[in-house]
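These notes concern the structure reproduced below.
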Amino acid sequence: MIQKYSAKRKALKAKILDPKTTDDEFFAAQRELALLPRNSSPVRYRNRCSITGRSRGYFGKFGVSRLTLREFALKGILPGVVKASW
């Protein structure tokens with residue numbers, strides 16, 4: 001959804017930030033921007049675990065959450081990852 005509305009969102013933001021924009025155009029652009037779906041905003045994007053869908057404790061290198069990472073590491077599914085012991 002972010003990619004779908006990115007061009008429209010970018011054009012509206014440019015119109016809002018342009019100092020040459022009239023007040024009527026400014027408020028119309030603001031209204032149009034507010035009517036776009038909330039999930040089309042890139043700020044609302046959240047990384048999620050590809051296995052469980054968990055949003056917290058996400059490890060970007062592996063694309064999974066900390067719980068899934070630990071489970072996979074203990075089973076030996078992730079090569080080169082070992083449990084620390086000293």
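Of the possible polar contacts, none joining the T21 side chain to the F26 backbone as a donor-acceptor pair under 3.5 Å is found. Looking at S50, its side chain does come within 3.5 Å of a backbone N or O of G63 through a donor-acceptor pair.
Taken to the nearest 0.5 Å, the CZ atom of R9 stands 13.0 Å off from the NZ atom of K4. Between the CG atom in L33 and the OH atom in Y5 there is a gap of 12.5 Å [rounded to 0.5 Å]. Annotation: the span from S55 atom OG to N47 atom CG amounts to 9.5 Å, rounded to 0.5 Å.
Across every non-hydrogen atom of S65 and C49, the tightest pair is N-SG, 3.3 Å. Minimum heavy-atom separation, E25 to K15: O-CD, 4.2 Å. Of all non-hydrogen atoms in M1 and S40, the two that sit nearest each other are O-CB, 3.9 Å. Minimum interatomic distance between K8 and E32 (heavy atoms only, all atoms of both residues): CE-OE2, 3.7 Å.
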Would you mind writing out the side-chain donor-acceptor pairs for residues 69-81 within the sub-3.5 Å range, not counting sequence neighbours?
none

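The shortest distance between side-chain heavy atoms of Y58 and R48 does not fall below 4.5 Å.
The cluster map of Ile, Leu, Val, Met, Phe, Trp and Tyr, joined by side-chain heavy atoms under 4.5 Å apart, puts Y45 and L36 in different clusters.
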